[in-house]
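Both ligands and their constituent atoms are indexed starting at 1 by order of listing. Numbers here simply count residues along the sequence, with the first being 1. All of these numbers come straight from a predicted model, not from anything done at the bench.
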Amino acid sequence: MYDEDELLPLSAISQYGYCPRRAGLVLLEQGWADNIHTAEGTAQHERVHEGGRESRANMAELFGVAVRSLTLGLSGKADSLELSADPSGCPIRGMDGLWLVRPVEYKHGKVRHEHEYEMQLCAQAMCLEEMLGCSIPEGDLFYYNDHRRFAVSFTAALRADVRMAAEALHQLVRSGVMPQSLKSRKCRECSLVDICMPGLRDRSTVYRERLRLIASGKEDPL
Ligand code: SF4
């Protein structure tokens, strides 16, 4: 169990799922840079995180809900919780009755399969389960650009990925060691590419290797 002052931002789960070095740049060096994708996503999220509640009949939707887990050592905000009245549900503070809870995370772009988003949504569900003492089997990723949902089942494997990522993030902060860059196709879409400079690492690796070969007499310095 973590203390309150040890909690890390839940959004770092998504960063870690995308690339461990990206999470390291954000957590250890407070590095951030927007590209067109992150800027649009931030603007869309700001509207959701303004908070509030909508209710109709036996359904309700809460926006911008603070969540945390002392077990995972994470805190953050869930974009939206869809509640449906059900005798097998759990009590929600400020609301009468019992409710089933379904987290919905809003994402920029078109429907696509992004494991790091599924991890982030699952982490929100695990926080809520700890806070509310309930079970949450599924949630949704809602994609703004085509106004469609992608249902995510919180399987044992996905939950294990979240636990592993949360532990890795805490280890990263404890050690202060920046994960190495691994140049991949993801770098083309990564807003931190100019801070990370993955190509530079590749060049410096080649340079160090050449120095090693020269020092061992296996390569001519000229
Ligand atoms: S540029 Fe590539 S290696 Fe660097 S943080 Fe982004 S995805 Fe990771």
Worksheet item: Any ion pair linking Lys186 and Glu114 (charged N to carboxylate O, less than 4.0 Å)?
Response: no
Worksheet entry | Heavy-atom closest contact (Arg21 atom, Cys196 atom, distance) | NE-SG, 3.0 Å
Worksheet item: Has the side chain of Asn145 got a donor or acceptor atom that lies under 3.5 Å from a matching backbone atom of Gly109?
Response: yes
Worksheet entry | Exam field: side chain Ser14 to backbone Ser11, donor-acceptor pair closer than 3.5 Å | no
Worksheet item: His170 vs Tyr2 aromatic rings, parallel, tilted or perpendicular, using cut-offs 30° and 60°?
Response: parallel
Discussion item. Within 45 degrees of the ring normal and closer than 6.0 Å to the centroid, is that where the cationic atom of Lys107 sits relative to Tyr144?
Written reply: no
Response to the item:
Listed as residue and atom, the protein N/O/S atoms under 2.8 Å from atom 2 (Fe) of ligand 1 are Cys187 SG
